[in-house]
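Here the structure is laid out as structure tokens; the discussion comes afterwards.
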2 protein chains.
Amino acid sequence: MPAISKREQIVATALKLFYQDGFNATGIDRIIKEAGVSKKTLYNHFKSKDELILATLRQRDEVFRNTLMRETERLGNTARERLLSIFDAHGNWIQEKSFSGCMFINAAAEFAALDDPNHIIAAEHKRLVRDYIRGLAEEAGANDAETLSLQLNLLLEGCIVDAYVSGNKDSAQLAKSMAAVFVEQALA
Amino acid sequence: MPAISKREQIVATALKLFYQDGFNATGIDRIIKEAGVSKKTLYNHFKSKDELILATLRQRDEVFRNTLMRETERLGNTARERLLSIFDAHGNWIQEKSFSGCMFINAAAEFAALDDPNHIIAAEHKRLVRDYIRGLAEEAGANDAETLSLQLNLLLEGCIVDAYVSGNKDSAQLAKSMAAVFVEQALA
DNA sequence: TTAAATGTATACCGATCTGTTTACCTTGTA
DNA sequence: TACAAGGTAAACAGATCGGTATACATTTAA
């Protein structure tokens, strides 16, 4: 058994290409070429391109949220601090050379129908991120954790889009300073 | 001379289809069929699909910003009120049945490279919207119009994405309540 | 050792893509 | 009336799309 399975190779390559070039713009032939894998192997693991897209989105969700939580907890020591360090984690992400916006916002843009499976996965990802924020808000003792999580979530979305579309790499800083107002308000 | 030129027919149809289904997912054949126009006519007016996309984005920018400014000014009587009524205008837009997110965010997602002409147009559109906000902020006498415009702009982006990806149709209300904090702070 | 599973490489399929060409028709105007 | 501009309809070109089939090689485990 190899250290990295063929399936993982395929998903990793597809993830990179879908993220940087888009889903429709990335063909199967390109994926197998860069993954160093035959077409038959790909279709042995995934019965269609759409299933491969779903698999990459599921993996992205898992890895992204794990990284986000780890970084947020590394950069803040208390729940209250973490409600703000989540913006620092985003700031670091935005600064990365490979940053190409939020893969789930991008997926929602390409798979516009609300009932498209890929759009649904995107919405679920957003919900899970907000659940994490709400958990932090509750832990910090916010008087309205639900509202605070909605507010901070909206600021996160805004800073990601601003960074991606307009290339504003300081948007996370701005969002953090705005978030501080609502955190203080909720924890007064 | 017909009331609506062929060129306008094509752009209007392309706009609708690109917006609701995406750019790569919408083929030329579909556009000419729905526009009721021959392929030769389309390529007589636009030398490539990419030029058609650029033309539709330019038109969308113009129409969107005109509508936004008109609505914002209808819903607010003073510059200060308009810094908030711009969120009401967005709220009404989000409620529309045809709402499919921000066409420029969608374009940036499909044309990921920062130097892609379509991505550049998207960034310019965002800059022009923020210029409008900054103008209102200056008119209202904000002590730091630049910062206030960045803040309100970030809230707008956030509420659009939240409405589109997660289907949260109340996000403009939330964003408006958050914006009020910063407007008050800047106009104290 | 041998057989099954899993891989590669590549040809191929039908559909669809952007874009061109050809032939014909309609319409406004000189 | 005649001509030029701009339109339609449809065949066509060449590339690429997602996906399948074939033939052969390699690995794995009974």
Side-chain angles (χ1 to χ4, degrees), chain A residues 1-58 106-107 109-113 116-119 121, chain B residues 1-58 106-107 109-113 116-119 121:
Chain A
M1 183 113 96
I4 301 176
S5 75
K6 293 288 170 184
R7 187 192 163 93
E8 286 166 334
Q9 276 179 55
I10 294 166
V11 170
T13 304
L15 185 50
K16 190 189 80 179
L17 295 176
F18 286 151
Y19 181 50
Q20 73 184 19
D21 295 334
F23 300 92
N24 284 306
T26 301
I28 292 290
D29 288 338
R30 175 106 187 276
I31 294 169
I32 62 170
K33 189 179 171 187
E34 295 213 12
V37 140
S38 73
K39 196 180 269 200
K40 187 150 191 262
T41 298
L42 187 147
Y43 280 102
N44 201 14
H45 286 289
F46 307 94
K47 64 181 169 195
S48 68
K49 181 184 181 182
D50 217 71
E51 203 175 78
L52 173 59
I53 292 175
L54 279 170
T56 63
L57 288 175
R58 274 192 276 264
N106 297 349
E110 287 207 53
F111 307 104
D116 185 295
N118 297 318
H119 197 124
I121 287 243
Chain B
M1 183 115 95
I4 301 175
S5 75
K6 294 288 171 184
R7 187 192 163 94
E8 286 167 333
Q9 275 178 56
I10 294 167
V11 170
T13 304
L15 185 49
K16 189 189 82 179
L17 295 176
F18 286 151
Y19 182 50
Q20 72 184 18
D21 294 334
F23 299 93
N24 285 306
T26 302
I28 292 289
D29 288 338
R30 174 106 189 277
I31 294 169
I32 62 171
K33 189 179 170 186
E34 294 213 13
V37 140
S38 73
K39 194 179 273 198
K40 185 147 190 266
T41 298
L42 187 148
Y43 280 102
N44 200 15
H45 286 288
F46 306 95
K47 64 180 168 198
S48 68
K49 181 185 180 181
D50 217 69
E51 203 176 79
L52 173 59
I53 292 175
L54 279 171
T56 64
L57 288 175
R58 273 191 276 264
N106 297 350
E110 286 207 54
F111 308 104
D116 184 297
N118 297 318
H119 198 125
I121 286 243

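Model, not experiment: these values are computed from the prediction.
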- Task: Take the C1' atoms of the five end pairs on each side of the helix from dT1(C)-dA30(D) to dA30(C)-dT1(D), derive the two axes, and give their angle rounded to 10 degrees.
- Result: 0°

Nucleic acid contacts - [range] versus DNA chain C, non-hydrogen atoms under 4.0 Å:
| range | answer |
| --- | --- |
| residues 30-39 of chain B | K39(B) |
| residues 20-28 of chain A | none |
| residues 43-58 of chain A | N44(A), H45(A) |

- Backbone N or O of G36(B) within a donor-acceptor pair of the Q9(B) side chain at under 3.5 Å?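 Answer holds: no.
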
- Query: Among the nucleotides dG7(C), dT8(D), dC17(D), which one has an atom lying closest to any side-chain atom of K40(A)?
  - Reply: dG7(C)

All side-chain hydrogen bond (donor to acceptor under 3.5 Å, both in side chains) counterparts of [X], not counting sequence neighbours:
| X | result |
| --- | --- |
| R7(A) | none |
| T13(B) | none |
| Q20(A) | none |

- Item | Rounded interatomic separation in angstrom, taking NZ from K6(B) and P from dT26(C) |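 Roughly 14 Å, once rounded to whole Å.
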
- CG of L42(A) versus P of dC17(D): gap in Å, rounded? 14 Å

- Item | Within residues 18-36 of chain A or reaching into it, pairs that qualify as salt bridge (charged side-chain N to carboxylate O under 4.0 Å, His left out) - sequence neighbours excluded | K16(A)-E34(A), D21(A)-R30(A), D29(A)-K39(A), R30(A)-E34(A)

- Message: I need the T41(B) OG1 to I10(B) CD1 distance, nearest 0.5 Å.
- Response: 6.5 Å

- Message: Counting only side-chain nitrogens and oxygens, does T41(B) get under 4.0 Å of the OP1 or OP2 atom of dG6(D)?
- Response: no

- Item | Close side-chain approach of N106(A) to F18(A), heavy-atom, < 4.5 Å | no

Which atom pairs, donor and acceptor, lie under 3.5 Å between side-chain atoms of residues 44-56 of chain B and protein residues at least two apart or in another chain?
unit_1: S48(B); atom_1: OG; unit_2: D50(B); atom_2: N; d: 3.4
unit_1: S48(B); atom_1: OG; unit_2: E51(B); atom_2: N; d: 3.2
unit_1: K49(B); atom_1: NZ; unit_2: F23(B); atom_2: O; d: 3.0
unit_1: K49(B); atom_1: NZ; unit_2: T26(B); atom_2: O; d: 2.9
unit_1: E51(B); atom_1: OE1; unit_2: K47(B); atom_2: N; d: 3.2
unit_1: T56(B); atom_1: OG1; unit_2: I53(B); atom_2: O; d: 2.7

- side-chain contact (heavy atoms from CB on, under 4.5 Å) against A113(A), all qualifying residues, sequence neighbours excluded: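 Once residues adjacent in sequence are excluded, the partners of A113(A) under the side-chain contact (heavy atoms from CB on, under 4.5 Å) criterion are D115(A), D116(A).
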
- Counting only non-hydrogen atoms, which of residues 9-17 of chain A are less than 4.0 Å from DNA chain D?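 Nucleic-acid contacts, sorted: none.
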
